Amino acid sequence: MDQLFSFLAGGLTQASWWQIVLFTLVMTHITIVSVTIFLHRSQTHRGLDLHPAVMHFFRFWLWMTTGMVTKEWVAIHRKHHAKCEKEGDPHSPMLFGVWKVLFRGADLYRVESANKETMAKFGHGTPDDWLERNVYAKHSLWGVLTMLAIDVALFGAIGLTVWAVQMAWIPFWAAGVVNGIGHFWGYRNYNSPDTSTNVFPWGIIIGGEELHNNHHAHGTSAKFSAKWYEIDIGWGYIQILKFFGLAKVRKVAPKLKLEPGSKAIDLTTLNGVITHRYEVLARYGEIMKTTLREEMSKLKPADGSATRLQRARRWLFRNEEVLHPEQRAEVEQAIAQSKTLATLVQMRRDLGRLWESSSASSEQLLHDLQAWCQRAQQSGIAGLEQFAQRLSRYAA
């Protein structure tokens with residue numbers, strides 16, 4: 001009986017509390033790394049290729065610690081990118097609300113995983129060997145129950161808590177925080193056509209997934225960090241695997257190239273602008289913010305125009321595709337009070353047509369870019385004139 005009580009109190013290891021906490025953090029971190037490197041960057045977006053042994057380790061680990069099926073996770077995430085912020089997005093906080101995605105993101109995954117059309121359309125190219133069909137996908141519950149038995153054997157009754165934390169780690173951090181907070185709160189390096197944000201510049205806790213806006217701007221890139229101060233720990237692990245010949249990087253985000261001085265706008269400029277379009281729009285947004293501050297300073301606090309500008313401030317800098325009709329109406333009412341803002345908004349729309357056009361020739365797009373820059377330089381808006389000069393320096 002004493003041996004039974006001793007086992008329940010500390011398991012086979014009789015570990016101290018800090019050892020149990022350390023074990024739990026290490027285990028959950030490996031799970032996060034498995035999700036970001038294997039499921040997300042490799043399987044979903046094909047940003048890198050992994051050695052078969054590494055792939056199988058990640059598959060086995062995720063089977064043990066999450067019970068997730070590779071095809072389901074990949075298909076749902078691909079659909080998220082294809083339908084981002086629109087009807088059909090499996091887990092957009094713009095559709096379901098941020099709190100539902102944050103705390104019930106796993107439920108949204110389960111619902112979508114039962115959608116056979118989603119699996120057929122977006123789940124191609126994932127593992128389909130004997131182990132996947134007969135063990136990992138068919139008996140996903142076996143893995144998590146095995147993990148439960150291991151945790152209890154190692155730590156006794158407290159092993160139940162360790163196991164519960166492991167099971168909740170991915171649903172909260174990946175399905176909740178990344179998909180919820182990562183489309184609701186944070187900063188944006190790129191004005192991508194969605195609401196994605198970088199939750200935090202140091203991507204350590206969620207393996208680099210914190211840099212969600214960077215990822216949405218360059219979806220197939222194996223590297224998520226973009227600025228010098230941003231840390232993508234997942235990319236660090238990929239570099240280690242690459243050093244040992246266990247990973248091959250297929251694609252990273254293109255680096256911005258600027259010619260040393262202003263020059264004539266040519267096809268190289270056009271290619272540079274289109275390649276870095278989300279960075280271009282982000283810089284354009286800075287001009288609009290400066291102009292908005294200047295316009296609001298000219299208006300009296302009691303003036304209704306100032307109130308309308310203040311109310312529309314949140315929506316003015318977002319991509320118009322993700323705005324609701326009432327939000328678009330607020331923007332239109334606000335810019336009607338300022339000829340300068342109205343010009344900037346219209347010029348932004350015209351600039352966006354350069355990469356939205358699917359039928360125009362390169363020569364036509366080049367002509368449109370040249371005409372746009374000429375209009376900008378003749379606009380009388382200092383920030384816009386400087387922006388056009390900088391645009392001429394872009395290169396692919």
Side-chain angles (χ1 to χ4, degrees), residues 31-50 58 73-86 89-94 98 101-102 105 109 122 170 172-239 241 247 249-256 275-282 285 318-319 321-322 355:
T31 303
I32 286 287
V33 171
S34 302
V35 170
T36 187
I37 293 180
F38 171 66
L39 286 180
H40 196 188
R41 310 186 201 210
S42 178
Q43 285 293 294
T44 303
H45 296 293
R46 306 299 183 187
L48 73 153
D49 294 326
L50 295 170
F58 285 141
W73 197 99
V74 168
I76 292 169
H77 191 73
R78 285 175 179 168
K79 186 175 183 179
H80 164 63
H81 278 265
K83 306 281 187 178
C84 193
E85 321 290 17
K86 301 180 181 70
D89 189 329
H91 46 66
S92 169
M94 300 299 109
V98 66
V101 177
L102 179 60
Y109 264 94
F122 297 101
I170 292 300
F172 177 73
W173 287 108
V177 173
V178 174
N179 294 333
I181 302 300
H183 282 264
F184 188 78
W185 179 88
Y187 70 97
R188 287 166 63 87
N189 288 331
Y190 304 98
N191 194 354
S192 53
D194 49 56
T195 60
S196 62
T197 59
N198 293 328
V199 179
F200 202 69
W202 299 341
I204 298 174
I205 296 177
I206 325 179
E209 299 290 335
E210 293 92 332
L211 300 165
H212 200 53
N213 173 243
N214 294 355
H215 166 59
H216 267 266
H218 301 285
T220 59
S221 174
K223 182 182 180 183
F224 290 173
S225 56
K227 303 295 186 180
W228 66 267
Y229 52 82
E230 293 175 341
I231 297 175
D232 173 13
I233 196 172
W235 177 248
Y237 291 135
I238 290 171
Q239 292 298 95
L241 291 172
V249 176
R250 297 178 64 180
K251 192 168 184 180
V252 295
K255 291 185 178 180
L256 177 63
T275 298
H276 301 286
R277 56 193 178 277
Y278 299 144
E279 192 272 346
V280 168
L281 288 177
R318 288 195 178 186
N319 191 295
E321 293 181 10
V322 302
W355 46 80

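All values derive from a computational prediction rather than experimental measurement.
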Nearest 0.5 Å, what's the [atom1]-[atom2] distance between [X] and [Y]?
{"X": "Leu211", "Y": "Asn198", "atom1": "CG", "atom2": "CG", "result": "5.0 Å"}
{"X": "Trp73", "Y": "Arg78", "atom1": "CH2", "atom2": "CZ", "result": "10.5 Å"}
{"X": "Asn191", "Y": "Ser196", "atom1": "CG", "atom2": "OG", "result": "9.5 Å"}
{"X": "Asn214", "Y": "Tyr187", "atom1": "CG", "atom2": "OH", "result": "6.0 Å"}
{"X": "Tyr190", "Y": "His276", "atom1": "OH", "atom2": "NE2", "result": "8.5 Å"}
{"X": "Lys86", "Y": "Asp194", "atom1": "NZ", "atom2": "CG", "result": "8.5 Å"}

TODO: Could you go through the side-chain contact (heavy atoms from CB on, under 4.5 Å) check for Asp89 and Met94 one step at a time?
DONE: CA-CA 9 Å; Asp89 189 329; Met94 300 299 109; over 6 Å; no
Heavy atoms only: give me the nearest [X]-[Y] pair and the separation to one decimal.
{"X": "Gly180", "Y": "Pro93", "result": "O-CG, 3.8 Å"}
{"X": "Ile37", "Y": "Tyr237", "result": "CD1-CB, 3.7 Å"}
{"X": "Thr275", "Y": "Pro254", "result": "CG2-CG, 3.7 Å"}

TODO: Taking atom types as modelled, find out whether His216 and His80 have a side-chain donor-acceptor pair closer than 3.5 angstrom.
DONE: yes
- [ ] Evaluate the side-chain proximity of Val98 to Trp185: yes if any heavy-atom separation is below 4.5 Å, no if none is.
- [x]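 Of all side-chain heavy-atom pairs linking Val98 with Trp185, none is under 4.5 Å.
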Task: Minimum side-chain heavy-atom gap Arg250-Asp49 below 4.5 Å - done: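 They are in contact (side-chain heavy atoms under 4.5 Å apart), so the answer is yes.
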When you measure from the side chain of [X] to the backbone N and O of [Y], does any donor-acceptor pair fall under 3.5 Å?
{"X": "Ser42", "Y": "Leu48", "value": "yes"}
{"X": "Thr197", "Y": "Asn213", "value": "no"}
{"X": "Trp202", "Y": "Tyr229", "value": "yes"}
{"X": "Arg41", "Y": "Gly47", "value": "no"}

Open item on the list: Holding to side chain to side chain contact (heavy atoms under 4.5 Å, CB included), I want the full list of residues that pass it with Ile205, two or more places apart in sequence or in another chain.
Closed with: Trp173, Glu210
Task: Counterpart residues, side chain to side chain contact (heavy atoms under 4.5 Å, CB included), relative to Phe172 (two or more places apart) - done: Leu102, Phe103, Val177
Task: Proximity of His91 and His183 rings by center, below 6.0 Å - done: no
Task: Distance under 6.0 Å and angle within 45° of ring axis: Arg188 vs Tyr278 - done: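 No, Arg188 does not lie over the aromatic ring of Tyr278.
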Task: side-chain contact (heavy atoms from CB on, under 4.5 Å) between Lys251 and His218, intermediate numbers included - done: CA-CA 10 Å; Lys251 192 168 184 180; His218 301 285; over 6 Å; no
TODO: Test side-chain contact (heavy atoms from CB on, under 4.5 Å) on Val35 and Glu209 and set out the steps.
DONE: CA-CA 10 Å; Val35 170; Glu209 299 290 335; 5.7 Å; no
TODO: Hey, can you tell me if His40 and His215 have their rings parallel, tilted or perpendicular (30° and 60° cut-offs)?
DONE: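 Geometry flag for His215 against His40: perpendicular rings.
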TODO: Check the pair Leu39 / Phe58 against side-chain contact (heavy atoms from CB on, under 4.5 Å), numbers first and verdict last.
DONE: CA-CA 9 Å; Leu39 286 180; Phe58 285 141; over 6 Å; no
Open item on the list: Test: salt bridge (Lys or Arg N to Asp or Glu O under 4.0 Å). Region: residues 211-228. Which pairs qualify, not counting sequence neighbours?
Closed with: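 Listed once each, the pairs would be none.
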